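To start, the structure itself, in structure tokens.
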Amino acid sequence: MSKELGKPEIVIVQLLAGMTKLQASDLHLKVGYIPTYRVGGHLRKLDMPPLPDTEYVRAMMAPLVPPHRMKEYEEHGDLDFSHSGASGDRYRINVFRSGNQMNAAIRRVQSHIPDFNSLRLPAIYERICTMSYDGLVIISGVTGSGKSSTLAAMLDHINHIRSAHVITIEDPVEYRFVPDKCIISQREIGIDIPNYAEALRYVVRQDPDVILIGEMRDRSTMMASLQAAETGHLVFGTLHCSDAQQSFARILEFFPRAEHAFIRSSLANSLRAICVQRLLPGIEKGSRVPATEVLLNNSVVREKIRREEDKDMPAIIAQSTEEGMRSFTHSLAELIEQEMVHFDTAVEYAPNREALRSMVKGIQTATQGLV
């Protein structure tokens with residue numbers, strides 16, 4: 001990249017191409033700052049001058065922003081949309097106002113839909129797709145934990161194993177699916193439909209078998225998800241939560257206390273699984289690997305949900321590994337054993353460090369006993 005800024009419409013093309021070349025996950029554009037990539041989880045400034053002013057950033061983004069949506073940015077100071085690049089990669093873009101300046105955060109989404117092996121996800125993820133024909137499957141995790149990639153892998157697996165009509169409601173659309181055994185209708189907020197509420201109002205009338213709700217962000221989207229799951233549809237959705245127990249708390253926060261008993265009853269009947277993930281720096285340079293927690297809704301879990309005994313979920317997960325459930329501690333110990341993450345890294349991310357140390361020690365002892 002030249003140390004002198006060129007024409008903004010050319011610079012943005014070069015920056016997007018550089019993301020693919022360097023396998024950067026994100027690009028940050030901020031007035032007064034040097035454009036910055038995120039590579040392997042770390043921020044990396046480029047060898048170029050800072051962006052001079054908001055007019056320059058506006059000119060950079062002009063070829064990317066859908067023309068009819070610029071008014072939305074002017075009114076609200078935020079705008080989400082997607083863009084397809086020349087490389088075949090897609091980009092999830094957020095432009096936002098800060099200090100009355102236009103800034104942008106661009107997430108690169110690879111054109112190739114990943115599978116469970118490439119994402120290094122455990123076998124239970126595939127089993128959930130295979131054994132679930134209705135109900136609610138929640139993928140949880142903090143921002144940047146790979147939820148979108150996991151959902152894409154799960155939907156694409158269904159696409160290859162069963163005949164179904166799949167409708168996705170996304171803000172924005174990230175991965176584009178190529179139909180195989182499924183009919184797939186992808187709807188993007190702001191382009192195909194104005195908002196989630198409008199999309200969810202009509203979705204069950206469109207004869208879906210599988211519904212993906214990009215983000216269950218409020219009471220209406222959560223209620224629509226539960227209702228669709230209870231009426232025979234398989235519903236996938238995401239939550240921004242760090243573990244399964246917190247996911248229940250987050251769902252209930254959407255509703256007044258007087259409705260909690262009803263929501264708990266609905267969850268007990270319709271929930272199939274909560275899959276939570278965190279991305280850790282891997283041993284391989286620049287790599288990130290997922291640590292996972294999986295809660296499956298069996299008879300014990302159903303009773304705990306109804307009785308408001310969410311605090312018991314971590315213990316149930318830890319005791320039910322034979323069913324396919326996994327705790328973060330178990331997952332981290334597995335990653336250490338498979339030499340995918342360093343021990344110190346795993347300890348840093350562990351919810352219970354002493355439990356992880358004891359589990360790793362137990363694995364090492366058992367392994368030594370076989371020698």
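Every value quoted in this text rests on a predicted model; they were computed, and no experiment measured them.
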Where Ile167 and Pro208 come nearest, the two heavy atoms and their spacing: CD1-CB, 3.9 Å
Show your working on side-chain contact (heavy atoms from CB on, under 4.5 Å) between Phe236 and Ile158 and close with a plain yes or no. CA-CA 12 Å; Phe236 291 88; Ile158 291 173; 3.8 Å; yes
Please identify which of these residues, Arg107, Arg92, Arg108, Arg90, meets the salt bridge (Lys or Arg N to Asp or Glu O under 4.0 Å) condition with Glu174. Arg92
hydrophobic_cluster_shared for Leu46 and Met19, side chain cutoff 4.5 Å: yes
Would the number of heavy atoms belonging to other residues, nucleotides or ligands and lying under 6.0 Å from CD of Glu339 be above 12? no
Using distance alone, with no hydrogens and no angle criterion, decide if Arg357 and Asn352 have a side-chain donor and acceptor under 3.5 Å apart. no
Return the OG to CG distance between Ser225 and Leu200, rounded to the nearest 0.5 Å. 6.5 Å
From the options Leu296, Asp243, Ile251, Ile138, select the one residue that forms a side chain to side chain contact (heavy atoms under 4.5 Å, CB included) with Ile274. Ile138
Could you grab the distance from atom CG of Asp312 to atom CD of Glu303, nearest 0.5 Å is fine? 12.5 Å
Taking Arg307's backbone N and O only, do any of them form a donor-acceptor pair with Arg264's side chain (distance below 3.5 Å, no angle check)? no
Just by modelled atom types, is the Gln277 backbone N or O under 3.5 Å from a matching donor or acceptor in the Glu293 side chain? no
On a heavy-atom basis, which atom in Leu295 and which in Ala244 lie closest, and how many Å separate them? CB-CB, 4.2 Å
Do the non-hydrogen side-chain atoms of Tyr91 and Pro172 ever get within less than 4.5 Å of each other? no
Between CZ of Arg201 and CD1 of Ile193, what distance do you get to the nearest 0.5 Å? 9.0 Å
State whether Glu308 and Arg257 are salt-bridged, where the test is any N-O pair (Lys NZ or Arg NE/NH1/NH2 against Asp/Glu carboxylate O) under 4.0 Å. yes
Do Lys147 and Leu239 make a side-chain contact, defined as non-hydrogen atoms from C-beta onward lying under 4.5 Å apart? no
Heavy-atom nearest pair, Pro114 first then Ala153, reads O-CB, 3.3 Å
Is the shortest heavy-atom distance from the side chain of Leu136 to the side chain of Leu267 under 4.5 Å? yes
Given the rule that I, L, V, M, F, W and Y join up when any side-chain heavy atoms are under 4.5 Å apart, are Val109 and Met61 in one cluster? no
Tell me, do Val289 and Leu279 make a side-chain contact under 4.5 Å, heavy atoms counted? no
Could you check whether Arg97 makes a cation-pi contact with Tyr73, meaning its NZ or CZ is under 6.0 Å from the centre of the six-membered ring and within 45° of the ring axis? yes
Is a side-chain N or O of Ser327 found less than 3.5 angstrom from the main chain of Ile317, in a donor-acceptor match? no
May I have the step-by-step check of side-chain contact (heavy atoms from CB on, under 4.5 Å) for Arg219 and Glu259, ending in yes or no? CA-CA 11 Å; Arg219 183 183 185 280; Glu259 296 181 13; 2.9 Å; yes
For Lys311, is the NZ atom crowded, meaning more than 12 foreign heavy atoms sit under 6.0 Å from it? yes
Ionic contact status for Glu215 with Arg217, cut-off 4.0 Å: yes
Are the side chain of Arg353 and the backbone of Val347 linked by a donor-acceptor contact shorter than 3.5 Å? yes
Are any of the side-chain heavy atoms of Leu151 and Thr238 separated by less than 4.5 Å? yes
Leu51, Ile34: one ILVMFWY side-chain cluster at the under-4.5 Å cut-off? yes
If only atom types and distance count, is the side chain of His233 paired as donor or acceptor with the main-chain N or O of Ala228 below 3.5 Å? yes
Contacts satisfying side-chain hydrogen bond (donor to acceptor under 3.5 Å, both in side chains) that involve residues 53-67 (not counting sequence neighbours) are Arg58-Glu74
What pair of heavy atoms forms the shortest contact from Leu119 to Pro290, and how long is it? O-CG, 3.3 Å
Phe81 ring centre to Arg69 NZ or CZ under 6.0 Å, with the angle to the axis within 45°? no
Heavy-atom side-chain contact between Asn159 and Val178 under 4.5 Å: no
Drop me the distance from Thr345's OG1 to Ile336's CD1, to the nearest 0.5 angstrom. 9.0 Å
Connected via hydrophobic side-chain network under 4.5 Å: Val210 and Met131: yes
Return the CG to CG distance between Leu27 and Leu15, rounded to the nearest 0.5 Å. 5.5 Å
Could you pull out all residues at least two apart from His157 that satisfy ring-ring contact (aromatic ring centres under 6.0 Å, His included)? Phe116
Is it true that a side-chain atom of Asn297 and a backbone atom of Ala268 form a donor plus acceptor pair closer than 3.5 Å? yes
Can you tell me if Ser358 uses its side chain to pair, donor with acceptor, with the backbone of Glu354 under 3.5 Å? yes
Correct closest heavy-atom pair for Asp310 and Phe248 would be OD2-CB, 3.6 Å
Glu230 side chain near Ser266 side chain, heavy-atom distance below 4.5 Å: yes
Check: Val31 main-chain N/O paired with Asn103 side-chain donor or acceptor under 3.5 Å: yes
Using the side-chain contact (heavy atoms from CB on, under 4.5 Å) rule, take Val39 and Gln23 through it: C-alpha gap first, then chi angles, then the decisive distance, then the call. CA-CA 7 Å; Val39 182; Gln23 294 295 291; 5.7 Å; no
Leu121 reachable from Leu332 in the ILVMFWY side-chain graph, under 4.5 Å edges: no
Identify the heavy atoms of Tyr196 and Gly214 that sit nearest to each other, and give their distance. OH-CA, 3.7 Å
Lys/Arg N to Asp/Glu carboxylate O, Arg326 vs Glu334, below 4.0 Å: yes
Under the side-chain contact (heavy atoms from CB on, under 4.5 Å) criterion, do Val142 and His240 qualify, and how do the steps go? CA-CA 5 Å; Val142 299; His240 291 279; over 6 Å; no
If only atom types and distance count, is the side chain of Thr130 paired as donor or acceptor with the main-chain N or O of Glu126 below 3.5 Å? yes
Acceptor/donor pairs from residues 180-192 side chains to any protein atom, 3.5 angstrom cut, sequence neighbours excluded:
unit_1 : atom_1 : unit_2 : atom_2 : d
Asp180 : OD2    : His160 : ND1    : 2.7
Ser185 : OG     : His165 : NE2    : 3.1
Gln186 : OE1    : Phe177 : N      : 3.1
Gln186 : NE2    : Glu170 : OE2    : 3.1
Gln186 : NE2    : Tyr175 : O      : 2.8
Glu188 : OE1    : Ser82  : OG     : 3.1
Glu188 : OE1    : Val173 : N      : 3.3
Glu188 : OE2    : Ser82  : OG     : 3.3
Asp192 : OD2    : Glu188 : N      : 2.8

Measuring from atom CG of Asp26 to atom CD1 of Ile106, what distance do you get when rounded to the nearest 0.5 angstrom? 9.5 Å
Polar side-chain atom of Ser287 near backbone of Glu284 as donor-acceptor pair, under 3.5 Å: yes
Between Leu22 and Arg44, is there a side-chain heavy-atom distance shorter than 4.5 Å? yes
Would you find more than 12 non-hydrogen atoms of other residues, nucleotides or ligands less than 6.0 Å from Phe343 atom CZ? yes
